[in-house]
Peer 1: 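One structure, pasted below without further comment.
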Amino acid sequence: MSTCPIDTRVIRPIRFLAGQCQMLDQRLLPAEEVWHSYTTYQEIAEAISTMVVRGAPAIGVAAAIGAWFGARDIETESSWDFYQEFEKICAVLVATRPTAVNLSWALERMKHFAESNLDRSVLELKIGLEYEALAITQEDEKINRMMGQHGEPLLVDGARVLTHCNAGALATAGYGTALGVIRAAVEAGKNISVIADETRPFLQGARLTAWELQRENIPVTLICDNMAGYLMSKGEIDCVIVGADRIAANGDVANKIGTYTVAVLAKEHNIPFYVAAPVSTIDLSLNDGSLIPIEERDEREITHIKDIQLAPKGISVRNPAFDVTPSRLITAIITEHGIVTGDYRAGLDQIVKHR
Ligand code: MRU
């Protein structure tokens with residue numbers, strides 16, 4: 001892995017061109033904009049688990065690129081042996097983070113390509129897998145822009161929109177899911193202002209959402225997570241829009257820890273609560289949200305800020321990184337193929353299977 005200084009205004013946190021991959025180190029934002037270059041699947045796996053790259057669609061894209069790096073380096077003439085090795089590489093990548101289903105979705109797509117082309121040469125498989133990884137990367141931004149078009153009519157001119165975590169360009173290949181809907185509303189000429197929850201403990205709201213909106217001059221106000229209820233009670237929030245890491249068949253949504261709390265508060269105050277996510281985030285194999293695996297992260301994220309210790313040594317800590325919002329609290333789910341509301345089980349099934 002090497003470091004290279006590049007900066008553009010359009011945020012695309014993963015650059016994948018001509019067999020090269022660079023990723024913006026999201027752990028260092030907003031203080032430093034550092035890009036790293038990657039050449040092996042082990043480096044990509046490390047980047048996902050240490051959160052250089054994060055956000056459900058972005059880790060799917062990164063994993064697809066990592067799978068291709070692994071495939072490229074397999075040395076065999078036998079397509080069958082190649083596939084056996086490729087499966088092992090995908091198993092390493094899929095184990096990096098458990099909650100966002102986009103990771104396994106992207107790797108399944110890569111494996112499916114290889115498995116259904118086993119009559120081809122190893123060279124052809126490698127070329128095809130590079131093409132597939134490139135397609136997954138390029139399709140992601142297109143999908144987000146489609147989601148934006150479907151979702152922006154939900155945001156009225158002048159809307160004050162609360163968001164939690166970062167479901168922006170940084171969490172995708174570009175444009176964002178929840179922030180993509182906000183971008184589309186701004187592009188449609190509406191005055192939209194954003195209230196960003198800081199999102200303890202990893203501070204995706206304070207560090208990432210605030211950074212990416214500010215650099216595009218979209219009005220954004222940062223609050224601590226525990227202030228959302230107060231602002232809602234004062235009539236200062238018109239709707240909530242968040243992303244998702246996995247959506248179960250009944251519409252229950254796993255997203256960044258704290259999302260459930262915001263949804264309960266929104267219900268109490270009669271404020272619409274929207275989720276924006278691509279079809280690749282919908283997991284029809286899980287009947288409901290209780291089956292979604294929830295990642296528990298290092299206790300140091302809570303006891304320390306950088307190297308400063310905040311809590312007493314030896315304190316018992318829980319650090320679930322995600323929670324599940326029951327579908328009854330969700331006003332609508334916005335996808336690239338349209339909006340689902342009401343009967344989520346039927347609506348999501350229709351969107352996944354019949355588009
Ligand atoms: O732990 P993270 O930063 O990967 O969690 C990200 C989120 O929870 C996002 O809200 C979600 O992935 C949707 S991103 C379009």
Side-chain angles (χ1 to χ4, degrees), residues 55 99 151 154-168 171 176-179 181-182 185 190-214 218-245 247 251-277 289-290 292 294-297 301-303 305 310-311 317-334 341 344:
T99 303
L154 297 171
L155 306 186
V156 297
D157 190 22
R160 297 154 301 174
V161 184
L162 180 102
T163 191
H164 190 75
C165 193
N166 173 267
T177 58
L179 296 194
V181 172
I182 289 168
K190 295 176 195 168
N191 260 322
I192 304 290
S193 54
V194 178
I195 297 100
D197 273 352
E198 65 172 347
T199 319
R200 275 274 290 157
F202 208 73
L203 302 179
Q204 288 93 333
R207 297 188 305 102
L208 308 178
T209 296
W211 179 79
E212 74 167 82
L213 292 178
Q214 193 183 52
I218 297 176
V220 55
T221 302
L222 179 64
I223 60 169
C224 298
D225 300 333
N226 50 7
M227 297 170 186
Y230 174 72
L231 293 194
M232 287 182 185
S233 75
K234 300 299 275 183
E236 293 184 32
I237 290 168
D238 299 305
C239 70
V240 177
I241 182 160
V242 296
D245 289 85
I247 303 176
D252 292 351
V253 167
N255 191 49
K256 181 52 53 192
I257 191 76
T259 302
Y260 171 51
T261 318
V262 176
V264 172
L265 285 168
K267 187 71 157 185
E268 168 69 15
H269 294 91
N270 275 319
I271 294 168
F273 183 94
Y274 302 120
V275 174
S290 68
I292 298 175
I294 300 294
E295 177 181 12
E296 293 262 352
R297 294 188 62 84
E301 288 181 356
I302 294 186
T303 56
I305 287 194
L310 303 175
V317 169
R318 286 288 311 279
N319 187 12
F322 300 92
D323 59 25
V324 176
T325 299
S327 56
R328 66 175 182 279
L329 300 179
I330 298 167
T331 311
I333 297 176
I334 304 156
T341 187
Y344 287 108

Peer 1: Give the minimum heavy-atom separation between M232 and I237, together with the two atoms involved.
Peer 2: CG-CD1, 4.0 Å
Peer 1: side-chain contact (heavy atoms from CB on, under 4.5 Å), that's the test. Do D197 and V262 meet it? Break it down for me.
Peer 2: CA-CA 10 Å; D197 273 352; V262 176; 3.6 Å; yes
Peer 1: Is any side-chain heavy atom of F273 closer than 4.5 Å to a side-chain heavy atom of L329?
Peer 2: no
Peer 1: For residues V275 and G243, report the shortest heavy-atom separation together with the two atoms involved.
Peer 2: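 That would be CG1-O, 3.9 Å.
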Peer 1: On the six-membered ring of F202, is R207 placed so that its NZ or CZ lies under 6.0 angstrom from the centre and within 45° of the ring axis?
Peer 2: yes
Peer 1: Over all heavy atoms of both residues, which pair between P201 and N319 is shortest? Give the atoms and the distance, please.
Peer 2: CG-OD1, 3.7 Å
Peer 1: Is there a side-chain contact (heavy atoms from CB on, under 4.5 Å) between V181 and L154? Walk through the geometry before answering.
Peer 2: CA-CA 9 Å; V181 172; L154 297 171; 6.0 Å; no
Peer 1: Apply side-chain contact (heavy atoms from CB on, under 4.5 Å) to the pair L155 and I182, showing each step before the final yes or no.
Peer 2: CA-CA 8 Å; L155 306 186; I182 289 168; 4.0 Å; yes
Peer 1: In Å, rounded to the nearest 0.5 Å, how long is the span from OG1 of T261 to NE2 of H164?
Peer 2: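 Going from the OG1 atom of T261 to the NE2 atom of H164 covers 7.5 Å.
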Peer 1: Strictly distance-based, threshold 3.5 Å: is any side-chain N or O of K267 a donor or acceptor partner for the main-chain N or O of R328?
Peer 2: yes
Peer 1: What's the shortest heavy-atom distance between A277 and I247, and which atoms?
Peer 2: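 It is CB-CD1, 3.8 Å.
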Peer 1: Using 0.5 Å steps for rounding, measure from the CG atom of D245 to the CG atom of D323.
Peer 2: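 CG of D323 is found 10.0 Å from CG of D245.
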Peer 1: Please examine the side chains of V240 and T331, heavy atoms only from C-beta on, and report whether any two atoms are closer than 4.5 Å.
Peer 2: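 With C-beta onward as the side chain, the pair stays apart.
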Peer 1: Quick one: does any side-chain atom of Y344 pair with a main-chain N or O of I330 as donor and acceptor, under 3.5 Å?
Peer 2: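 Yes, the answer is positive, given that a donor and an acceptor are paired below the 3.5 Å cut-off.
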Peer 1: Between I223 and L162, does a side-chain contact (heavy atoms from CB on, under 4.5 Å) hold up when you go through it step by step?
Peer 2: CA-CA 10 Å; I223 60 169; L162 180 102; 3.9 Å; yes
Peer 1: Report yes or no: does D238 contribute a side-chain atom to a donor-acceptor pair with the main-chain N or O of V161 at less than 3.5 Å?
Peer 2: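 Judged by distance alone, no pair lies under 3.5 Å.
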Peer 1: Measure the OG1-CG distance between T209 and L203 for me, rounded to the nearest 0.5 Å.
Peer 2: 11.0 Å
Peer 1: Can you check whether C165's main-chain N or O pairs, donor with acceptor, with T199's side chain at less than 3.5 Å?
Peer 2: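 Pair found, side chain donor or acceptor close to backbone of C165.
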Peer 1: Are D225 and E198 side-chain neighbours, meaning at least one heavy-atom pair lies under 4.5 Å?
Peer 2: yes
Peer 1: Roughly how far apart are H269 NE2 and K234 NZ, rounded to 0.5 Å?
Peer 2: 11.0 Å
Peer 1: Report yes or no: does D157 contribute a side-chain atom to a donor-acceptor pair with the main-chain N or O of N191 at less than 3.5 Å?
Peer 2: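 Answer holds: yes.
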Peer 1: For the CG atom of L265 and the OH atom of Y230, what is their distance to the nearest 0.5 Å?
Peer 2: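 Spacing of CG (L265) from OH (Y230) equals 14.5 Å.
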Peer 1: Which atoms form the tightest heavy-atom contact between V220 and A210, and what is the distance?
Peer 2: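 It is CG1-O, 4.1 Å.
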Peer 1: Any donor and acceptor pair, going by atom type alone, linking the side chain of R200 with main-chain N or O of I257 inside 3.5 Å?
Peer 2: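 No, because the side chain of R200 does not come within donor-acceptor range (under 3.5 Å) of the backbone of I257.
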Peer 1: Any side-chain to backbone donor/acceptor pair from T99 onto E295? Under 3.5 Å, distance only.
Peer 2: yes
Peer 1: W211 versus N166: any side-chain heavy-atom pair under 4.5 Å?
Peer 2: no
Peer 1: Kindly compute the distance separating OG1 (T341) from CD1 (I333), expressed to the nearest 0.5 Å.
Peer 2: 8.5 Å
Peer 1: So which heavy atom on L222 is nearest to which on A206, and how close?
Peer 2: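 That would be CD1-CA, 3.6 Å.
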Peer 1: Is there a donor-acceptor contact under 3.5 Å from the side chain of T163 to the main chain of I241?
Peer 2: yes
Peer 1: Checking K190 side chain against G158 main chain: does a donor-acceptor pair fall under 3.5 Å?
Peer 2: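 Pair absent, no side-chain N/O of K190 close to backbone of G158.
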